2 protein chains.
Amino acid sequence: MQQLLAHLANFHHLSATAREAIQACVTETVHAKNDMLITQGQVCRYLYFLEKGCLRGYYHLDGKEITHWFGFEQDFVTSFHSFTTGQPSVENIQLMEGSVLWSISREALLKLLDEHHELERLVRIAYEKYYLRLEERYVNAQFKTAAERYEQLLEQSPHILERAPLGYVASYLGISQETLSRVRGRI
Amino acid sequence: MQQLLAHLANFHHLSATAREAIQACVTETVHAKNDMLITQGQVCRYLYFLEKGCLRGYYHLDGKEITHWFGFEQDFVTSFHSFTTGQPSVENIQLMEGSVLWSISREALLKLLDEHHELERLVRIAYEKYYLRLEERYVNAQFKTAAERYEQLLEQSPHILERAPLGYVASYLGISQETLSRVRGRI
DNA sequence: AGTTTCTTTTGACATCCGTCAAAAACCAAA
DNA sequence: TTTGGTTTTTGACGGATGTCAAAAGAAACT
């Protein structure tokens, strides 16, 4: 739910006027590695654009941290459910590297969408894409072995493996870190 | 993706005028048990409303049939992706009982949505609800044992267990029929 | 009732994967 | 380079679940 806007709304696909409008109402912030962007229980009032660095979204389940998405350069990220509903967030967003972010408040975003219809279209498309991905991950989780899931990640998203610690990736794949380590050794 | 409209657009929640408009442009069909409503590869041009009976959506994976949703009385059902895009369906829809269905063509539906805005709202809400459910099932698939998934189904959707063969339910839960049988014996 | 067919259960076994614990490798800072 | 912390690997073990095969039970048909 969280990174609806990520993975699709590539900054460079936007028209020049839309880009200018965005740049006019966002502010830059710099964060250190391991900083928390959003903590569980907080209300998330901003949408972020990740210019440099990477981060992850995770939640707690049975005392374990479950990383369920990663964000990288040029992704839009936020705690989507909290951002749209105003409810406290159920997830945490944490920087995995020192990062440069641009943020925009919910009010400013709504104004933007109003004035630049192309952005609204992007949001809707992002929505669909995000869920196609979720559906695929659901099938993978149920019907693929740990090794198959790892190999698929290796093919489709090698950048995740290069920049995220193994433990985060393991929970993302739904397996233990030890199993992932062994799977990796076999290949 | 398939049963976006199912699970939410309960017929009785609609206004009288909308209901009349629907009834004016749908046609009734009767199907026998095990009939195929949609077969993989076909384009699905109709949205169905299930008045009486029940059915399932399934696809093939590694030579096995995976049932991924069930439809019951008062559900709207279709092969959603095929219906909206016009692409051949990747899933099959099969009756589990002799059933009475109402069908509406895509063109007639679009006209309906145009003339009855409340229906459009229902579609959007159904969309969101469907994906929340998918997200929940994703978490269950990854982090719950077979027994926990079964018990949750028993609580939340006992009607499925009463009307669907065990083999269908097993693949729906992502476990083998034998395991489901044993889980059930233990409770 | 008897027969056939489909569905569910039971048994035996192998395998994948999680858990716990310890060792090894890697990294960063002094 | 040494030290301390973090990340990754390795080993041993047990449990959950899949697979294959057969038996038992239900339902449908004659």
Side-chain angles (χ1 to χ4, degrees), chain A residues 32-36 54-56 58 60-67 70 94-98 137 139-154 158-187, chain B residues 32-36 53-56 58 60-67 70 94-98 137 139-154 158 160-187:
Chain A
K33 180 173 175 172
N34 293 331
D35 270 12
M36 302 302 295
C54 57
L55 40 70
R56 65 172 181 138
Y58 71 93
H60 292 275
L61 193 77
D62 301 331
K64 279 173 293 192
E65 283 184 6
I66 309 295
T67 296
F70 295 100
Q94 183 180 36
L95 283 296
M96 296 196 303
E97 297 176 1
R137 288 192 63 202
V139 171
N140 285 346
Q142 266 199 314
F143 303 110
K144 308 256 171 156
T145 65
E148 286 169 330
R149 275 177 272 166
Y150 171 72
E151 281 175 40
Q152 191 169 335
L153 192 71
L154 198 59
H159 54 284
I160 291 180
L161 290 161
E162 283 156 19
R163 295 173 71 181
L166 212 62
Y168 296 171
V169 177
S171 76
Y172 180 75
L173 290 173
I175 58 184
S176 71
Q177 173 166 327
E178 293 89 333
T179 295
L180 179 55
S181 174
R182 279 183 253 262
V183 162
R184 209 162 59 148
R186 254 183 275 132
I187 300 172
Chain B
K33 179 172 174 174
N34 293 332
D35 270 12
M36 302 300 297
C54 58
L55 39 70
R56 66 172 182 136
Y58 70 93
H60 292 277
L61 193 77
D62 300 332
K64 280 172 292 191
E65 282 184 5
I66 308 297
T67 296
F70 295 101
Q94 182 181 36
L95 283 295
M96 296 197 303
E97 296 176 2
R137 288 192 62 203
V139 171
N140 285 346
Q142 266 200 314
F143 303 110
K144 309 255 171 156
T145 66
E148 286 169 330
R149 274 177 272 165
Y150 171 72
E151 281 175 42
Q152 191 169 336
L153 192 71
L154 198 60
I160 291 180
L161 291 161
E162 284 156 19
R163 296 173 72 181
L166 211 63
Y168 298 171
V169 177
S171 75
Y172 180 74
L173 290 173
I175 59 184
S176 72
Q177 174 167 323
E178 294 91 330
T179 296
L180 178 54
S181 174
R182 280 183 251 263
V183 160
R184 209 163 59 148
R186 256 183 272 132
I187 298 171

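What you are looking at is a predicted structure, and each value in this text was computed from that prediction instead of being measured. To find a chain, count down the sequence lines: A is the first, B the second, and so on, and within it residues start at 1.
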Salt bridge (charged side-chain N to carboxylate O under 4.0 Å, His left out) pairs, two or more places apart, involving residues 169-179 of chain B: none
Using atom [atom1] of [X] as one end and atom [atom2] of [N] as the other, report the distance to the nearest whole Å.
X         : N       : atom1 : atom2 : value
Asn34(B)  : dA27(D) : CG    : C1'   : 13 Å
Gln177(A) : dA22(C) : CD    : C1'   : 14 Å
Glu148(A) : dC16(C) : CD    : P     : 11 Å
Lys64(B)  : dC20(D) : NZ    : C1'   : 13 Å
Ile175(A) : dT9(D)  : CD1   : C1'   : 14 Å
Met96(A)  : dT6(D)  : CE    : P     : 18 Å
Glu65(B)  : dC6(C)  : CD    : C1'   : 14 Å
Phe143(A) : dG18(D) : CZ    : P     : 10 Å

Pairwise distance [atom1]([X]) to [atom2]([Y]) - rounded to 0.5 angstrom:
X         : Y         : atom1 : atom2 : result
Leu180(A) : Tyr150(A) : CG    : OH    : 6.5 Å
Leu55(A)  : Thr67(A)  : CG    : OG1   : 11.0 Å
Phe70(A)  : His159(A) : CZ    : NE2   : 9.5 Å
Leu161(B) : Arg184(B) : CG    : CZ    : 7.5 Å

Angle by which the axis turns from one end of the helix from dA1(C)-dT30(D) to dA30(C)-dT1(D) to the other, five pairs per end, to 10 degrees: 40°
Side chain to side chain, His60(B) and Glu65(B), heavy atoms closer than 4.5 Å: yes
Asn34(A) backbone acceptor or donor facing Gln94(A) side chain under 3.5 Å: yes
Nearest non-hydrogen partners of Val183(A) and Ala146(A), listed with the distance: CG2-CB, 4.3 Å
Those residues of residues 159-170 of chain A lying under 4.0 Å from DNA chain D by at least one heavy atom: Pro165(A), Leu166(A), Gly167(A)
Establish, with yes or no, whether the OP1 or OP2 oxygen of [N] is under 4.0 angstrom from a side-chain nitrogen or oxygen of [X].
X         : N       : answer
Lys33(A)  : dT6(D)  : no
Arg184(B) : dT9(C)  : yes
Lys144(A) : dC17(C) : no

Distance-only donor-acceptor test (3.5 Å): side chain Glu178(B), base dC20(D): yes
Tyr172(A) six-ring face occupied by Arg137(A) cation (under 6.0 Å, within 45°): yes
Sugar-phosphate, base or nothing in reach of Arg182(A), heavy atoms under 4.0 Å: base
Residue whose closest nucleotide on DNA chain D lies nearer the 5' end, Ser176(B) versus Thr179(A): Thr179(A)
